[in-house]
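Structure record follows, encoded as structure tokens.
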Protein chains: 6
Amino acid sequence: MTESPRADGRALDELRPVTIERGWSAQAEGSALISFGQTKVLVTASFTNGVPRWLTGKGRGWVTAEYAMLPRATNDRSDRESVKGRIGGRTHEISRLIGRALRAVVDTKALGENTIVIDCDVLQADGGTRTASITGAYVALADAIEWGREKGFIAKKATPLRDSVAAISVGIIDGRPMLDLPYVEDSRADTDMNIVMTGTGKFIEVQGTAEGAPFDKAELDALLELGAKGCADLTAIQKAVLAEERS
Amino acid sequence: MTESPRADGRALDELRPVTIERGWSAQAEGSALISFGQTKVLVTASFTNGVPRWLTGKGRGWVTAEYAMLPRATNDRSDRESVKGRIGGRTHEISRLIGRALRAVVDTKALGENTIVIDCDVLQADGGTRTASITGAYVALADAIEWGREKGFIAKKATPLRDSVAAISVGIIDGRPMLDLPYVEDSRADTDMNIVMTGTGKFIEVQGTAEGAPFDKAELDALLELGAKGCADLTAIQKAVLAEERS
Amino acid sequence: MTESPRADGRALDELRPVTIERGWSAQAEGSALISFGQTKVLVTASFTNGVPRWLTGKGRGWVTAEYAMLPRATNDRSDRESVKGRIGGRTHEISRLIGRALRAVVDTKALGENTIVIDCDVLQADGGTRTASITGAYVALADAIEWGREKGFIAKKATPLRDSVAAISVGIIDGRPMLDLPYVEDSRADTDMNIVMTGTGKFIEVQGTAEGAPFDKAELDALLELGAKGCADLTAIQKAVLAEERS
Amino acid sequence: MTESPRADGRALDELRPVTIERGWSAQAEGSALISFGQTKVLVTASFTNGVPRWLTGKGRGWVTAEYAMLPRATNDRSDRESVKGRIGGRTHEISRLIGRALRAVVDTKALGENTIVIDCDVLQADGGTRTASITGAYVALADAIEWGREKGFIAKKATPLRDSVAAISVGIIDGRPMLDLPYVEDSRADTDMNIVMTGTGKFIEVQGTAEGAPFDKAELDALLELGAKGCADLTAIQKAVLAEERS
Amino acid sequence: MTESPRADGRALDELRPVTIERGWSAQAEGSALISFGQTKVLVTASFTNGVPRWLTGKGRGWVTAEYAMLPRATNDRSDRESVKGRIGGRTHEISRLIGRALRAVVDTKALGENTIVIDCDVLQADGGTRTASITGAYVALADAIEWGREKGFIAKKATPLRDSVAAISVGIIDGRPMLDLPYVEDSRADTDMNIVMTGTGKFIEVQGTAEGAPFDKAELDALLELGAKGCADLTAIQKAVLAEERS
Amino acid sequence: MTESPRADGRALDELRPVTIERGWSAQAEGSALISFGQTKVLVTASFTNGVPRWLTGKGRGWVTAEYAMLPRATNDRSDRESVKGRIGGRTHEISRLIGRALRAVVDTKALGENTIVIDCDVLQADGGTRTASITGAYVALADAIEWGREKGFIAKKATPLRDSVAAISVGIIDGRPMLDLPYVEDSRADTDMNIVMTGTGKFIEVQGTAEGAPFDKAELDALLELGAKGCADLTAIQKAVLAEERS
């Protein structure tokens, strides 16, 4: 039996330990503290009855997301974006990705004229912060929608969630495709890909980038297959967590 | 026996349940997740060998602090200061207070030319976020100094900490002085005071504000006494936490 | 007879020469050029009928304040905050203090739906700029309220001012408590305290900070007594100025 | 023979008319005015001897890119980002994409300690502005590198360009995959994908997003094939343009 | 016959070659790509029915302008103002000048409650960017007004343009007044003047600055005469361009 | 004898009462509180030995200026530029004008490697704030240069001031050219011109703008003549003030 080439001894297609503390926040309508190994993200979903002015009167709701990292979430401390007075490109990019990923499974008509703002704050970062954010955000979103239904802001029979959504990173290191990269692997990857999929196995977003050598179709296919496996595993975890009685 | 006039049934001079998870962060040189009841603050202490340029070559170190709140730490979501592009007055004021409080017990000569940046991020807010921040920051600071000593950046025999520091809020509600106010009490208080004291019982900072009616000397004295009691209790908790083996 | 230990020969409990030029501005509804020795602050009070949107329809008025320093008010020139594009923490903190101090003596119901904005611009700074600002602001505020009454925006019988307000700094230097510190003393003080009191001798705000060694209760009491004496002296000066015919 | 389902009568796998005016700018070391139909982007490449401080002394060069749109490049005028005082998320995201795409074909060791800044300014926008930017940027970059070689900043025998790079958009509209979408098609697409490839046919970046329904592997494969065809066509045009004598 | 003292051999009172590509933009209601020699400015005029809130209901229209330079329009690349997060003084000053110059020939009553925003983006800069901007802006403005008339937003018989407007730079170099300075001359000029005139030969704006030695009345008169000649030449070119059938 | 058509009864070519309090600031190296009627500007000149980095080692000094207005200098309160987080175009434009005007009379070689920063803060505004600023700034500049000479930063025999400088506004109201316009006249003027001249009667800056109808050469000449008269009067006042013993 061959040894794993990974620092933590995982199989190439194995997720890091995943935990989801649903309802972590006492105040938010939905929330989750999700961890992918050492990566920990606190997600809250804030429900407001009503929509932004540009959407008023169209009978549709709105879901948006903001991502941020605590200054010492990483190994070296970064300056706060509030102190710098401007949001960096990476932050913007990930916030937009999370928002798109969630909206892809939301039926905004069924949501009614309600707004849900998702906040993903990375408390500790060790690779995969955007995929953990999306995966945890789905749980918080589902609970916020349930809250809206209980309060009567969403119609009893409406099903604003068409599907579930999860996300995972994959990469090629030393020629080998691997699932769910921690920082130490991510920084060595030749190709880095983030895959966002529905619970029913369709693609919402595929973002692959050659960090080192460009990649060919065969490599791309291998990564997509691995990512599909990882998203399916995460979907199962989300289902189990949401099946529990809400605290 | 009379009933407590407080929502949570506490005695007038009783702290909320206080917990300190020392070493919560896997990356920071010192850290603590502190809670005063529902108020939860993640504090990290980042140690850097060297000082800002304006202090170079003077043989002294530097300790500074930044405070911030997650957007949904409170009951209603606030806009992120990074999104607004500017830091609010309240944030500035509390950051400055925390920094001053810590520097009051630090011998910067003994610290040597090293910098420690304290980050206090409020994950959940229910009154007393600034006092919890100071109290937790002392634990993170102590650990960061120990780290610096182990790495050889601080002299073996140096004692950069002259004393410990803790802080608590007190206030007058319906004519009765009370210790450690949660949000529901804080918002009703006529007078609101934050007291920062050393472990040996001296004052570092006293900030009292009449939110409703102005207060007289007798009321001020009652509040100071109550605050001294609370700070002494917190000092005991800090000592117990720091006496444990560091994980 | 012992000599004064102070640079300007004052008694320990003596104010610097205080002058208030009421009505300095030809345009503002209330104004005062106040000096505490070399410290000179131009205060204007701008009266507007109506309130900010968040207060509309509640039958209450609003008083707020902004503090700033000219770039060369100090011995070394500072960069303008407008040029830096952001307001510093100290500016924010003092603006908030002045606003709170004034609101503590204003009955906003009696003020009616009117807004008064106080601007305190330090033309020359030699310690005590925040206490001079508060003391001068009361005079400008009183005149702006009179103006509003004359114009019919405030009811004839309404008394929006419940009391007067004044402020002074005190500190401990070489073990001796002293009143109204100029820059040269302030920078040497072990403990520095700002005290804001009503004309009837109650406390509105007490802010004491250990700049050097922490302080004990006896020192705190000595400072509070000295501050009360200074505020009473300032109250007398305010009364005399406001008793004159308005130009 | 069936009619084209496209507004402009193109075949499904046909590019819009592409023109590249190489050397459009009299000042820049490399430049190109590229058009994909009505989309027009002015690209300049600015060559500087030396690198940013964080890269000094490592024997490697640096290539970076900035993307922006003139306010009236689009059908409705947008506010200038300089006037708003902040760069939007979309602008950041595209600037980063262009930079990554170019760096993927640059051997920074061979470039030596030189910096090339690529500016892509969209003069007129009709879909595909990021893909036109990358395609034009390669031409400007190649000329700037030639300039650096002629001036002696790059070694005569060095080959800083390992390959060429081009980019194109593809999408699924009414179930049919199509190449190079103008705005009118882009806004109707169910799935939208941007593909960046080397001249030798490998992938640098694949970014696919479900705007409407999520997509499956078969659809993804069809889009990738179409994109590869488009990039190959663009590579041929780049080659022809660069084969001409430089003006 | 004496030789010209100018680098490009022009007569002292001769314009550089001037071209105006009217209707360059496919989207804007009016547009022009104007060149004064190597200086190239893309001007668009955006027409909106309605006026800013502060002007609503007064029966008058509004014309305003924004000027900007591409980062590599000049010989050395400048940082983008959007990246710096603030607009420089020069940009502000020129935007304001262009707006004033255009409004001086517009009858805002005749324009009706419509807004026209002029954007002048310098694609290549070789001196005279502000004068080229004004001269080109007039052409774009005239076409946008025509568009508004055709769409019925402006009354058929209304004449919102009271006159035409053109602008040119003049300067004194080595004691000789010269017309239309390119960068190489502008940077050597002792006195530099920008003159904005109506088509009927009256002054709208005169801005003369001594860059080297102060100037006397005789020199000022010589410059004004030269400027009047240049503006008259530009007026003729504008007329010819506007006389053509609009594409 | 005809009556004056001016609100304050002045002759058409008569300045408002001008006062200059030289040395108003106890801290600045040069200062003046200048008033043109109700317009009051506090000018300070800050002297620093050394120059900005971009000028180091060239043997030349630097003079620059910043202009600002207190929020309630005008009849209606304006928001602070520090609060808005950006400096307006008007502020930038006037700051640049003041700096250019002063540099036109300074021999930077004779100044040596020293920097003088002029701050012009308008305490009360009633028209002519930029011209009062320039006129007062000359006095503050002269004193700061004297200070530098006394301290040995400027060579004893050097004459950094080649001439004096003063400025005045002129305008045409109801067809009549008038000198030194207060706000009430300025807002009615058809043409508005600011003239900056040396003490020896040469022009440094001429800025004329048609606010209403465009103007012709005869009107321009009348305004220039009037401005020259006003600048000569101001030059005489400056001379008298500087002839006094410096306090």
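Heavy atoms only: backbone and side chains are in, while hydrogens, waters and symmetry mates are out. Note that the structure is a prediction, hence the values are computed from the model and not measured.
- Considering only heavy-atom pairs separated by less than 4.5 Å from chain C, the leading option among B/Ala228, B/Ala210, B/Gly208 is B/Gly208.
- Per-residue heavy-atom pair counts under 4.5 Å with chain B were compared for C/Asp216, C/Leu224, C/Ile204, C/Asp221, and the maximum is reached by C/Ile204.
- Within residues 169-190 of chain C, no residue has any heavy atom closer than 4.5 Å to a heavy atom of chain B.
- Put simply, the side chain of B/Thr129 never gets that close to the backbone of B/Ala125: no donor and acceptor are under 3.5 Å apart.
- Between the C/Gln238 side chain and the C/Val165 main chain, a donor and an acceptor come within less than 3.5 Å of each other.
- The heavy-atom pair separating B/Asn75 from B/Arg72 by the smallest distance is O-NH2, 2.9 Å.
- At least one donor-acceptor pair closer than 3.5 Å links the side chain of C/Glu113 to the backbone N or O of C/Gly59.
- Looking at B/Glu225, its side chain never comes within 3.5 Å of a backbone N or O of B/Ala222 through a donor-acceptor pair.
- The closest donor-acceptor contact from the side chain of B/Thr159 to the backbone of B/Leu161 lies at 3.5 Å or more, if one exists at all.
- Contact of C/Thr198 with chain B is made through the side chain alone, with heavy-atom distances under 4.5 Å.
- The salt bridge (Lys or Arg N to Asp or Glu O under 4.0 Å) test applied to C/Asp192 returns no partner, not counting sequence neighbours.
- When B/Met197, B/Arg162, B/Glu219, B/Glu205 are compared by the number of non-hydrogen pairs under 4.5 Å with chain C, B/Glu205 comes out ahead.
- Contacts classified as side chain to side chain donor-acceptor pair (under 3.5 Å) and involving residues 130-141 of chain C (residues at least two apart or in different chains) are not found.
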Pair B/Asp126, B/Thr39 - check side-chain hydrogen bond (donor to acceptor under 3.5 Å, both in side chains), show working. CA-CA 5 Å; B/Asp126 185 29; B/Thr39 290; 5.2 Å; no
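- With a 4.5 Å cut-off on side-chain heavy atoms, B/Ile118 and B/Leu141 count as touching.
- Residue-level contacts of residues 81-108 of chain C with chain B, in order of numbering, are C/Ile87, C/Gly88, C/Gly89, C/Arg90, C/His92, C/Glu93, C/Arg96, C/Arg100; threshold 4.5 Å between heavy atoms.
- Formation of a donor-acceptor pair under 3.5 Å by the C/Thr74 side chain with backbone atoms of C/Asp76 is found in this model.
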